[in-house]
Student: 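This is the structure I want to talk about, given as structure tokens.
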Amino acid sequence: MPALPLDEAGKYVAGAYVVFLGLILVYVAIIAAKIARIGREIAELAEEDQ
Amino acid sequence: MYSKGLVPLAWATAVTLTAAMALVFFYAPLDADQGFVQKIFYVHVPMAIVALGGFVAGGIMAIKHLRSGDRSWDMRSYVAIHVSIILGLGVLVTGAIWAKAAWGHWWVWDEPVLVSFLIVFLLYCVYYPLRFSIEDPDRQARYSSVFAITAGAFVPLNFIAVRLAESFTHPRVLSQTGGSLPGDMRFTFIVSIAGMALLFVTLWKLELTAKQASMQLKKLRNRARAAA
């Protein structure tokens, strides 16, 4: 197949990089939410302890 | 323990990935054959290499677990496999996007590289039901380690088999003869691999930090319950 023109190829390239960044952002957001929840639970435990 | 050095590592990852993207779009020349679509390779191939490396690393950590009996190695192995699965998903999706742009099809079943990567990916998808179907923590760790070692050994075998297979459709980025990349493309590719490897280690450490904090919280709760 001949190489796609820039305007047509651009959407595929953008799509691939958006998929990569999206995956990483979703993953980091999930882990960050998990860490935030742990932090809240530790604070609750500390309150109960006092 | 795992959070040590995480912030500088995250910064190094961000800088290297940003540099890689800048090189991809402003430094590396357009491929004479594929044109602009070839830029997908700078994210797709490093992701594939790092994901496969992560699976092998998971196997090596599992060996350490079985040899030492230290369950922290099982946790490291599990997280390495988990991060590799996520990267593997990215490899399949970006590969499909490239295939559509280059070949006109989202997926080609007679291409050994694509199908073998899918087999590896699906093999590791089995790791989760296997791991979480076992309740006893020691057995869970042991069985998961055996799986991680077996599947980890399969990865290089699979890679060699695909390399030996005759294929004229899937481009070779790196080969024994130096590959088909000219100097500036090769440099960009190496920086992309370095960025992806750093990203893997950062995500691995991040998830291990979260897991360790979660386990410590569980211990604290149990202690508080016992004290009450």
Side-chain angles (χ1 to χ4, degrees), chain A, chain B residues 3 10 13 17 21 24-25 30-44 46-47 82-83 86-105 196 199 202-203 206-218 220-221 223-225 227-228:
Chain A
M1 244 178 101
L4 289 175
L6 198 63
D7 58 326
E8 224 177 300
K11 65 182 180 190
Y12 289 108
V13 175
Y17 280 86
V18 165
V19 164
F20 166 65
L21 290 175
L23 260 180
I24 302 309
L25 284 178
V26 167
Y27 177 82
V28 170
I30 289 169
I31 300 290
K34 203 172 168 183
I35 290 172
R37 184 179 51 79
I38 292 166
R40 274 198 309 275
E41 286 180 26
I42 287 173
E44 279 170 20
L45 263 181
E47 259 178 43
E48 279 171 26
D49 195 41
Q50 284 171 354
Chain B
S3 61
T13 304
L17 279 178
M21 294 240 181
V24 168
F25 292 107
L30 280 184
D31 184 79
D33 181 40
Q34 293 184 42
F36 193 60
V37 164
Q38 189 263 349
K39 303 280 183 195
I40 294 175
F41 267 88
Y42 297 110
V43 67
H44 170 74
M47 214 167 14
H82 188 216
V83 175
I86 290 159
L87 292 181
L89 182 65
V91 172
L92 289 172
V93 177
T94 55
I97 292 170
W98 177 84
K100 177 69 179 165
W103 297 335
H105 301 283
M196 202 60 77
L199 178 70
T202 306
L203 296 181
L206 181 70
E207 190 170 336
L208 279 172
T209 303
K211 290 238 178 286
Q212 194 187 26
S214 177
M215 282 191 289
Q216 280 173 344
L217 177 68
K218 214 173 176 182
L220 272 176
R221 252 207 213 116
R223 216 177 285 167
R225 235 174 256 151

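Just so it is clear, the values below take in all heavy atoms, side chains as well, and ignore hydrogens, waters and symmetry mates. Just so it is clear: chains get the letters A, B, ... in the order the sequence lines come, proteins before strands, and each one is counted from 1.
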Student: So, for A/Y17 and B/K39, which heavy atoms are closest and what is the spacing to 0.1 Å?
Tutor: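 So the two residues come closest at OH-O, 2.7 Å.
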
Student: Does some side-chain heavy atom of B/L206 sit less than 4.5 Å from a side-chain heavy atom of A/I35?
Tutor: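 A/I35 reaches B/L206 side chain to side chain.
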
Student: Can you tell me which portion of B/V24 sits under 4.5 Å from chain A's heavy atoms? Options are side chain, backbone, both or neither.
Tutor: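 The answer is the side chain of B/V24.
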
Student: Take A/I31 and B/L203 through the side chain to side chain contact (heavy atoms under 4.5 Å, CB included) test and state the conclusion after the steps.
Tutor: CA-CA 9 Å; A/I31 300 290; B/L203 296 181; over 6 Å; no

Student: Let me know if A/I42 has heavy atoms under 4.5 Å from chain B in its side chain, its backbone, both or neither.
Tutor: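 When you check distances to chain B, atoms from both the backbone and side chain of A/I42 fall under 4.5 Å.
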
Student: Can you sort out the partners of B/T209 under side-chain hydrogen bond (donor to acceptor under 3.5 Å, both in side chains), two or more places apart, ordered by chain and number?
Tutor: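 With neighbours one apart ignored, the set is empty.
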
Student: Counting C-beta onward and ignoring hydrogens, is there a side-chain heavy-atom pair between A/L23 and B/V93 closer than 4.5 Å?
Tutor: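 No, too far: nothing below the 4.5 Å cut-off.
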
Student: Are B/L87 and A/I24 side-chain neighbours, meaning at least one heavy-atom pair lies under 4.5 Å?
Tutor: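 B/L87 vs A/I24: side chains touch.
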
Student: For A/V13, is it the side chain, the backbone, both, or neither that has a heavy atom closer than 4.5 Å to a heavy atom of chain B?
Tutor: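 Contact with chain B: backbone and side chain both.
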
Student: For the residue pair B/Y42 and A/F20, is the inter-centroid distance of their aromatic rings smaller than 6.0 Å?
Tutor: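 Judged by ring-centre distance (under 6.0 Å), B/Y42 and A/F20 do not meet the cut-off.
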
Student: Working to the nearest 0.5 Å, report the span between NZ of B/K211 and NZ of A/K34.
Tutor: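 Spacing of NZ (B/K211) from NZ (A/K34) equals 3.0 Å.
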
Student: Can you name the closest pair of heavy atoms from A/A16 and B/T94 and give their distance?
Tutor: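 Distance-wise, the nearest heavy atoms are O-CG2, 3.5 Å.
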
Student: Measure the spacing between CG of B/L217 and CZ of A/R37 and express it to the nearest 0.5 Å.
Tutor: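 One finds 8.0 Å between CG of B/L217 and CZ of A/R37.
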
Student: Are A/I38 and B/Q212 close enough that some pair of their side-chain heavy atoms sits under 4.5 Å apart?
Tutor: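 A/I38 vs B/Q212: side chains apart.
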
Student: Atom CG of B/L199 and atom OH of A/Y27: how far apart are they, to the nearest 0.5 Å?
Tutor: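 Here the rounded value is 9.5 Å.
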
Student: If I take atom NZ from residue A/K11 and atom CD1 from residue B/I97, how far apart are they, to the nearest 0.5 angstrom?
Tutor: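 So the NZ of A/K11 and the CD1 of B/I97 are separated by 12.0 Å.
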
Student: Would you please name every residue forming a side chain to side chain contact (heavy atoms under 4.5 Å, CB included) with A/I30, sequence neighbours left out?
Tutor: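 Side chain to side chain contact (heavy atoms under 4.5 Å, CB included) check on A/I30 returns A/V26.
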
Student: Give a yes or no on whether a salt bridge exists between B/R221 and A/E41, defined as a side-chain N under 4.0 angstrom from a carboxylate O.
Tutor: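 The answer is yes: the pair qualifies as a salt bridge.
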
Student: So A/V19 and B/H44, side chain to side chain contact (heavy atoms under 4.5 Å, CB included) or not? Walk me through it.
Tutor: CA-CA 11 Å; A/V19 164; B/H44 170 74; over 6 Å; no

